Each structure stands twice: as structure tokens, then as C-alpha cells.
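For clarity, every value in this text was computed on a predicted model and none was experimentally measured. One-based numbering, in listed order, for ligands and for the atoms of each.
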Amino acid sequence: MIDLRSDTVTKPTEEMRRALYEAEVGDDVYGEDPTVTKLEKLAANILGKEEALFVTSGTQGNQIAVLTHTQPGNEILLEAESHIFYYESGAVAAFAGVQTRTIIGEKGVMNPKSIEEFIRGEDQHFPETGLICLENTHNRAGGAVIPVQNMKEIYAVAKENEIPLHVDGARLFNAAASINTDVTEFTQYCDTVQICLSKGLGAPVGSIIAGSSEFINSARKWRKRLGGGLRQVGVLAAPGIIALTKMRNRLAEDHLNAQVLASGLTDIPKIKVVNDVDTNIVVIDVKELRVSSDEFVKKLKENDILGVSFGPTLVRFTTHYDVTEEDIIKTIETIRQQFK
Ligand SMILES: *Cc1c(COP(=O)(O)O)cnc(C)c1O
């Protein structure tokens with residue numbers, strides 16, 4: 001099976017499994033797990049923030065950030081197809097009690113002027129704007145990189161209005177690899193950031209949130225409230241350390257495979273690649289084949305290749321550590337054969 005559904009399907013490497021076995025552990029709720037502490041220090045350092053916190057998932061990390069930054073009744077600004085709005089089961093409403101105000105981006109990029117316009121003024125009728133969220137890379141925009149310059153401009157608006165800025169950076173390291181820069185180029189323009197260890201970086205579980213010490217102190221409490229305070233969790237932090245030290249530098253390979261896939265699929269007459277393929281995601285439109293994305297995905301599955309439906313006629317493929325260039329060539333050939 002060639003599994004291109006997501007980079008979350010990556011299995012821990014042999015080195016990760018060994019590290020997991022050998023990890024020194026303690027009760028992390030008491031702050032006594034040395035491996036977790038090491039991971040958090042390393043992550044804070046890499047992300048250029050004072051402190052970091054190991055959390056169970058990207059969704060939990062984002063939700064803790066929203067809970068920490070806002071008050072019930074606040075309004076948060078975010079992109080219309082952002083993960084926090086689109087894919088987190090309405091959690092910001094259910095837990096933080098905030099309402100969302102969405103901004104339609106261009107390839108995931110929000111115009112700083114729209115943000116400025118949407119920030120609420122002082123009026124008893126209005127909710128207070130409690131948080132601005134940005135997603136980099138932007139998943140539904142096909143792994144699009146939000147440019148550093150755009151983040152800089154949005155951060156300036158946020159600062160001017162004294163509103164915190166959170167970055168959902170589930171795939172922020174892909175953004176950094178794509179433009180061949182250090183991740184701090186991006187993180188210098190946000191207050192807090194969430195990154196996933198369990199996607200392209202290949203760790204089995206976990207995310208990191210990072211920000212000021214003050215932020216992490218309250219975030220830790222929210223994590224506990226949500227049931228995310230874990231005990232001898234060094235066994236999961238150990239693969240996370242390898243994710244951050246060894247796996248970050250190979251993401252460009254996944255991006256190259258995505259390029260190969262996109263150019264191969266572009267050569268197939270009735271298939272359109274609809275995204276720019278900045279990183280490890282390729283989105284195609286199968287409309288001209290007169291099949292739905294579900295039918296397309298089903299037929300592919302019968303041929304041992306997995307993708308995901310991404311809209312009525314859109315299909316997403318994601319490259320990652322567990323797919324080779326050979327798999328990519330085979331995928332292109334299979335699609336060419338099956339969908340003439
Ligand atoms: C995957 C993803 C998340 C959520 O991560 P989980 O670990 O699956 O909860 C959040 N934001 C973006 C942009 C993602 O792609």
C-alpha cells in the first residue's frame with residue numbers, strides 16, 4: 001500500500017523506537033520527567049521562544065493556545081479554511097466560548113488590511129477581538145507557505161492593537177524547508193506557535209506549543225484541565241527529540257517527491273493540479289474525469305494507493321518519510337492507467 005493520505009501516517013523510525021525504549025522517565029505532572037524537559041528546552045530553543053510545552057496533539061495545542069489567550073465572549077480572527085475553524089470539531093466554541101470571525105485568504109494568506117478592518121473597536125455591542133490565528137503552512141490551501149513578510153505585517157497590526165497572534169504551525173518546518181530558512185524567521189512574528197511532531201517529522205505522538213514563560217504557565221494549567229497532564233511520558237518525548245534533531249533536515253526530500261508527483265499528474269490530460277505545491281501536499285481536481293473525489297479515491301484504493309477526498313472533486317496527496325520516489329512514480333503510472 002502506498003499511503004499518501006497524510007504525513008500523520010509516518011511510523012516511528014528504528015532510532016525513535018530505540019530511544020523510546022531507553023528513555024529516562026519520571027512523573028511529568030511533577031515536572032520530573034527529564035526527557036520531556038529536554039524536549040521542551042530543545043523545542044523552545046529551535047522555535048526562538050522562552051518556553052515550550054509538550055501536548056498530546058496539534059488540536060490540543062491550538063485549543064490550549066485559544067483558551068490561554070482569550071476570555072469567553074471574545075471573538076477570534078482566523079482564515080476561513082484554517083484548521084482551527086474547519087477541522088477542530090467546533091472546539092473553540094465548545095471549550096473557549098469564543099466566536100470566530102473568518103477572513104477569506106488568497107492561497108491561505110490573509111490581507112493585513114482585512115485583519116485591521118475586522119478588529120473590533122470599543123462599543124458595548126461588540127465582542128472583544130481576543131486573538132488572531134494564522135496557519136503556516138496552510139493545509140487546505142495545499143500546504144501553501146505564508147510568506148514571512150505577510151506574517152510580519154499581520155504581527156505589526158496585532159501589536160498595534162495589543163492582540164496576541166498564534167500560529168498554527170503544524171507544518172511550520174515544511175514552510176522553513178521550502179524557502180530554505182530557519183524557522184525563527186517565521187516565529188519572530190508571533191506570540192505563540194504550535195508545531196506537530198507527529199506529521200512530517202515522523203514522531204508517533206505529540207505537538208509542542210511555545211511562547212513566553214507567562215503563556216506556558218497558564219497553558220500548563222489548561223493542559224491539565226483538558227486531561228493532558230501526562231506521567232512517564234518521556235517515552236513519547238524521546239522520539240520527539242529525534243523528530244526535532246534528525247527529521248527536520250530531510251523535509252526537502254518530501255517536497256521534491258511532491259514536485260515529481262505534481263509534474264507527473266499534470267501530464268495526465270484530465271487531471272488538474274490545483275495548488276502551487278510549495279511543500280509536501282498535492283491537490284488535484286478530477287472533475288474532467290467525470291468522477292467524484294470519493295469514487296476516485298475508492299478506485300485508487302483498489303490499486304493499493306491511498307489519497308483523501310478534499311472536496312467534491314478534489315483529492316489530496318501528501319508525501320512523507322514513508323514514501324519513496326519509486327512509490328511516487330508508481331502512483332503516477334497507476335493513475336495514468338486507471339483514469340484514461
Ligand atoms: C494536523 C493539523 C492540526 C492538528 O493536529 P492533530 O495532531 O491531528 O490534532 C492542526 N493544524 C493543522 C494545520 C494541521 O494540519
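- No donor-acceptor contact under 3.5 angstrom links the side chains of Thr129 and Glu75, judged on distance only.
- The distance from ligand 1 to the heavy atoms of Thr59 drops below 4.0 Å at these ligand atoms: 4 (C), 5 (O), 6 (P), 9 (O).
- A salt bridge does not link Glu116 with Lys113: none of the charged nitrogens is closer than 4.0 Å to a carboxylate oxygen.
- Close to ligand 1: Arg171, with a non-hydrogen atom less than 4.0 angstrom away.
- Close contacts of ligand 1 with Ser57, meaning ligand atoms under 4.0 Å from a residue heavy atom, involve 7 (O), 9 (O).
- Under the 4.0 Å criterion applied to side-chain N and carboxylate O atoms, Arg336 and Asp267 are not assigned as salt-bridge partners.
- Listed by number with element, the atoms of ligand 1 under 4.0 angstrom from any heavy atom of Glu135 are 13 (C).
- Between Phe215 and His69, the angle of the ring planes stays under 30°, which puts this pair in the parallel group of the 30/60° scheme.
- A salt bridge links Arg223 with Asp28: the closest approach of a Lys/Arg side-chain nitrogen to an acidic carboxylate oxygen falls below 4.0 angstrom.
- The shortest heavy-atom distance from His138 to ligand 1 is not under 4.0 Å.
- Cation-pi contact between Arg140 and Tyr86: present, with separation from the ring centre below 6.0 Å and deviation from the ring axis of at most 45°.
- Remark: minimum distance from atom 1 (C) of ligand 1 to any protein heavy atom is reached at Lys199 NZ, 1.3 Å.
- Under the 4.0 Å criterion applied to side-chain N and carboxylate O atoms, Arg120 and Glu128 are not assigned as salt-bridge partners.
- For ligand 1, the atoms closer than 4.0 angstrom to any heavy atom of Glu88 are 10 (C).
- At under 3.5 Å, a nitrogen or oxygen of Gly58, whether backbone or side chain, sits near a nitrogen or oxygen of ligand 1.
- Against a heavy-atom cut-off of under 4.0 Å, Cys196 is close to the following atoms of ligand 1: 5 (O).
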Going through the checks in order, is the salt bridge (charged side-chain N to carboxylate O under 4.0 Å, His left out) test met by Glu295 and Lys298? CA-CA 5 Å; Glu295 288 162 342; Lys298 187 161 172 266; over 6 Å; no
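- Each of the following atoms of ligand 1 lies closer than 4.0 Å to a heavy atom of Ala170: 2 (C), 11 (N), 12 (C), 13 (C), 14 (C), 15 (O).
- For ligand 1, the polar-atom distance check finds an N/O of Asp168 within less than 3.5 Å of one of the ligand's N/O atoms.
- Taking a cut-off of under 4.0 Å to the non-hydrogen atoms of Asn62, the atoms of ligand 1 that pass are 10 (C), 11 (N).
- Proximity of Ser207 to ligand 1 is not established, as no heavy-atom distance is less than 4.0 Å.
- Salt bridge annotation for Asp285-Lys270: absent, with no cationic side-chain nitrogen under 4.0 angstrom from a carboxylate oxygen.
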